[in-house]
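For this chain, numbers begin at 1 and follow the sequence in order. As a basis for the values below, the full set of heavy atoms in this structure was taken, side chains included, without hydrogen atoms, waters or symmetry mates. Counting starts at 1 for both ligands and their atoms, in listed order.
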Amino acid sequence: MARVAFIGLGNMGGGMAANLAKAGHEVRAFDLSEDALARAEDKGCSRAASAAEAVRNAEAVVTMLPAGKHVGEVYRSAVFGQAPTSAILIDCSTIDVATAKSVGKEAQEAGYAMVDAPVSGGIAAADAGTLTFMVGGTVDGFERARPYLDKMGKAVIHAGESGAGQAGKIVNNMLLGVTMAGTCEAFVLAQKLGLDPQVFFDISSKASGQSWSMTSYCPVPGVGPETPADRNYDGGFAAALMLKDLKLAMEAAQSVGAYTPMGGEAEELYGRFVSRGGASKDFSAIIKMIDDSWTPPAPSGN
Ligand code: NAD
């Protein structure tokens, strides 16, 4: 088993580091938060005094940080030149494509193999080891990262060269934001036109309006499988994180001159929802803003 440095032990990284330790790896963990470090210790990781100390002698370095600026800072100040060049560097954070590519290039110039490996799946999937990883980097980098990612996920997909993992992640989430907003809008209109939400679900989930947002993550309580809508929109995928991903997608679209009108509309809607206090609610709660007069149906009891 290998010596793995894990930096960033928050909501996602905490569970991921625990799964690497459970698989028998020697996990040296670092986070700026004392609470996060204590939780990681409880789950079988050992504590490092700094990121630089964590990566010393590591065979793999995994990072799960909030955004591009944290990733740039950590790799430049504590990983490059501190970790052995034989270590595989794996950044699992969701960040902008440009930073992923530039940090990947600096890694290569410093003699390291590095992959961007953002995830799909939330905190529950991080804890359960059932994340999906989208990986950008060389074939060699991908093959070296895979055994570690396998211990934290159920699917590991090679998306292409450096930055391609981030591209796959944010384009997928742009589509998710668009389909969720559209699904919410459709339920509101259906109800105003006199259709029962369950009846509209029965129709649309088997017709051409079907999507994952409809059938697996229905925004209406009591309709479809159990979702955050059934728990007052608590837990799940926070609207603030959806907004973050939509902003990254719009930034990326602008950088390559892609026309993304629906993604732009979804970004505007989620921006308004977050500024009205919806940041920590599940992203499907936007149904409540799409029509302020929206009243969820009473539970049917089945
Ligand atoms: P989080 O804020 O809970 O965790 C981030 C951790 O990084 C914190 O514990 C923080 O103290 C630590 N950190 C920040 N700067 C640091 C530094 N310089 N050195 C060491 N530690 C540092 O965030 P999260 O929810 O775990 O998300 C992490 C990443 O995963 C984000 O990029 C997010 O977009 C992505 N993501 C999150 C989810 C989700 O459902 N939470 C799902 C998919 C992807």
Side-chain angles (χ1 to χ4, degrees), residues 5-19 27-41 43 45 47-55 61-80 82-83 90-97 99-100 103 116-135 149 152-155 165-166 168-174 176-177 217 227-228 233-249 251-252 270 274 279-284:
F6 204 113
I7 303 165
L9 305 153
N11 290 321
M12 298 291 290
M16 293 163 69
N19 283 324
V27 181
R28 300 275 288 150
F30 178 70
D31 194 292
L32 298 175
S33 149
E34 174 54 38
D35 285 355
L37 270 175
R39 278 195 299 273
E41 260 187 318
K43 297 207 166 140
C45 304
R47 173 193 290 249
S50 65
E53 187 191 297
V55 305
V61 175
V62 185
T63 46
M64 192 54 165
L65 296 161
K69 71 174 181 172
H70 309 93
V71 172
E73 269 164 31
V74 165
Y75 278 89
R76 289 176 187 126
S77 70
V79 180
F80 299 153
Q82 312 280 339
I90 307 170
D91 178 39
C92 298
S93 329
T94 301
I95 67 169
D96 58 289
V97 176
T99 301
V103 175
D116 48 291
V119 306
S120 176
I123 301 163
D127 288 344
T130 55
L131 293 165
T132 293
F133 289 91
M134 292 148 258
V135 187
L149 300 177
M152 301 185 281
K154 65 171 165 40
Q166 297 295 350
K169 160 81 185 173
I170 60 172
V171 175
N172 177 70
N173 278 22
M174 179 185 82
L176 175 61
Y217 214 88
T227 66
Y233 302 95
D234 288 327
F237 181 43
L241 287 176
M242 172 51 85
L243 178 60
K244 173 193 164 182
D245 292 354
L246 286 166
K247 282 183 183 302
L248 291 176
E251 230 174 86
Y270 276 99
V274 165
S280 63
K281 285 290 179 187
D282 180 72
F283 80 117
S284 62

Show your reasoning for whether side chain to side chain donor-acceptor pair (under 3.5 Å) applies to Ser284 and Asp282. CA-CA 5 Å; Ser284 62; Asp282 180 72; 2.5 Å; yes

Protein residues that have a heavy atom under 4.0 Å from any atom of ligand 1, sorted by chain and number: Ile7, Gly8, Gly10, Asn11, Met12, Phe30, Asp31, Leu32, Met64, Leu65, Pro66, His70, Val74, Ser93, Thr94, Val119, Gly121, Gly122, Lys169, Leu241, Lys244

Are any of the side-chain heavy atoms of Pro118 and Phe133 separated by less than 4.5 Å? no

Mind checking what makes salt bridge (charged side-chain N to carboxylate O under 4.0 Å, His left out) contact with Glu41, not counting sequence neighbours? Arg47

Please enumerate all residues that pass ring pair (Phe, Tyr, Trp, His ring centres under 6.0 Å) together with Phe283, with sequence neighbours excluded. Tyr217, Phe237

Passing candidate, side-chain contact (heavy atoms from CB on, under 4.5 Å) with Val74, options Val55, Val61, Leu65: Leu65

Test side chain to side chain donor-acceptor pair (under 3.5 Å) applied to Thr63 - qualifying residues, sequence neighbours left out: Tyr75, Asp91

